[in-house]
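The structure appears right after this line, and notes come after that.
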Amino acid sequence: MRRHPRRGEAGREVSRPPERAEGPPSERGADVGRRIGVGLMYGLWRPRVLGAWRVPATGPAILAVNHSHNVDGPMVMGVAPRPVHFLIKKEAFVGPLDPFLTGIGQLKVDRHTTDRTAITRALGVLDGGGVLGIFPEGTRGEGDFASLRAGLAYFAVRSGAPIVPVAVLGSSERRGRLIKGLPPLRSRVDVVFGDPFEAGDGSGRRTRRALDEATERIQKQLTAHLENARRLTGRPATLE
């Protein structure tokens with residue numbers, strides 16, 4: 001008797017196995033990613049890291065990173081004192097990068113819709129006491145925290161995790177001669193970690209107004225940290 005490709009011998013419908021829900025990102029994978037980042041970042045450039053001791057040694061934390069160059073995420077992964085799970089746009093998960101980024105504990109997110117899977121997995125990182133990395137501007141730009149999306153405030157208020165501001169400076173000031181899309185090889189890139197702070201007002205409210213107020217507080221803190229980081233490193237006030 002011939003089998004229908006989607007039916008059994010008696011023409012009965014063959015049930016498909018249920019799709020497995022994505023579990024939390026691998027902490028071990030994120031640690032492997034950190035080790036890879038250490039080798040690459042220190043091998044290709046000369047990172048100068050200031051204030052890494054400010055990242056809480058244990059418990060959940062959110063790293064809020066300015067974003068002016070594609071190397072900013074890998075740089076923070078390589079120099080942070082703890083493994084980091086970054087929320088990364090789904091467009092980056094192409095070809096062999098898809099299993100690689102997933103394998104090192106990074107989170108795929110659709111920026112054009114409410115990606116509930118990404119939200120659940122990101123909250124899972126924080127509920128498990130891990131470190132979540134976010135580019136609060138939502139996309140690569142001037143890296144000045146001038147325009148923040150509400151996602152960072154939501155994760156911070158929802159989880160209660162402290163936010164650690166991170167300024168990456170020098171990654172976009174000059175183009176490399178050998179590879180135009182990267183900073184010059186062996187050039188200095190500064191990564192400055194700031195003091196952790198709470199985004200909420202202590203009331204525990206999660207209303208739209210509370211999130212808007214939290215976003216305003218976050219923006220003030222991140223902008224102040226960026227200005228301080230530029231003074232500490234002697235970087236120009238505006239990016240070229």
Side-chain angles (χ1 to χ4, degrees), residues 17-37 52 54-65 67 72-94 97-139 148-166 193 196-200 202-208 210-211 214-215 217-218 222:
E19 293 185 4
R20 296 179 61 185
E22 289 188 85
S26 168
E27 185 71 17
R28 180 178 297 178
D31 185 55
V32 171
R34 178 176 176 271
R35 294 170 187 268
I36 294 173
R54 293 188 171 98
V55 178
T58 60
I62 300 173
L63 302 187
V65 186
H67 194 25
D72 296 338
M75 181 64 68
V76 173
M77 285 180 60
V79 304
R82 296 174 60 187
V84 183
H85 303 270
F86 264 102
L87 277 169
I88 301 174
K89 62 182 181 182
K90 69 175 186 178
E91 291 84 356
F93 289 73
V94 294
L97 279 179
D98 189 348
F100 172 72
L101 291 173
T102 301
I104 60 172
Q106 305 310 295
L107 302 170
K108 181 192 304 185
V109 61
D110 186 343
R111 300 173 298 166
H112 306 295
T113 186
T114 302
D115 191 335
R116 300 191 182 280
T117 298
I119 292 172
T120 299
R121 300 189 76 210
L123 288 174
V125 168
L126 298 172
D127 289 343
V131 179
L132 181 67
I134 295 181
F135 300 113
E137 296 159 291
T139 186
L148 301 190
R149 295 192 175 189
L152 174 56
Y154 173 80
F155 286 120
V157 172
R158 170 71 171 74
S159 68
I163 295 174
V164 179
V166 185
F193 294 86
F197 65 91
E198 303 291 334
S203 68
R205 294 181 300 130
R206 300 176 188 173
T207 63
R208 171 60 60 185
L211 291 178
T215 299
R217 284 191 292 271
I218 291 169
L222 298 186

- May I ask you to test the Ile218-Pro136 pair for a side-chain heavy-atom distance under 4.5 Å? no
- Distance-minimising heavy-atom pair for Pro162 and Pro196: CB-CB, 4.1 Å
- Note on the structure: Heavy-atom closest pair (Leu152 atom, Ala64 atom, distance to 0.1 Å) is CD2-CB, 3.8 Å
- Query: Below 4.5 Å, heavy atoms only, C-beta onward: do Phe155 and Ile119 meet side chain to side chain?
  - Reply: yes
- Any side-chain heavy atom of Ile104 sitting closer than 4.5 Å to one from Met77? yes
- Where do Pro81 and Val55 come nearest, in terms of heavy atoms and distance? CG-CB, 3.8 Å
- Message: Are Val76 and Asp72 packed together at the side-chain level, in the sense that at least one heavy-atom pair is separated by less than 4.5 angstrom?
- Response: no
- Query: What is the minimum heavy-atom distance between Ala161 and Leu126, and which atoms define it?
  - Reply: CB-CD2, 4.2 Å
- Item | Check: Glu198 and Arg217 side chains under 4.5 Å, non-hydrogen atoms | no
- Item | Candidate list Asp115, Thr117, Ile134, test side-chain contact (heavy atoms from CB on, under 4.5 Å), partner Val109, passing option | Asp115
- Looking only at non-hydrogen atoms, find the nearest pair between Leu101 and Ala92 and report the distance. CD1-O, 3.9 Å
- Are side-chain heavy atoms of Val131 and Val164 found at a separation under 4.5 Å? no
- Measure the spacing between NZ of Lys89 and CZ of Arg111 and express it to the nearest 0.5 Å. 5.0 Å
- Task: Drop me the distance from Ile88's CD1 to Gln106's CD, to the nearest 0.5 angstrom.
- Result: 4.5 Å
- CD on Glu27 to NE2 on His85, rounded to 0.5 Å: 4.0 Å
- Report yes or no: does Arg54 contribute a side-chain atom to a donor-acceptor pair with the main-chain N or O of Pro165 at less than 3.5 Å? no
- Atom pair NE2 (His112) and NZ (Lys90), whose distance is rounded to the nearest 0.5 Å: 7.0 Å
- Short N-O contact, Lys108 and Asp98, less than 4.0 angstrom: yes
- One should read off an interatomic distance between Leu132 CG and Ser159 OG, to the nearest 0.5 angstrom, of 8.0 Å
- Query: What heavy-atom pair brings Ala214 and Ala153 nearest, and what distance separates the two atoms?
  - Reply: CB-CB, 4.0 Å
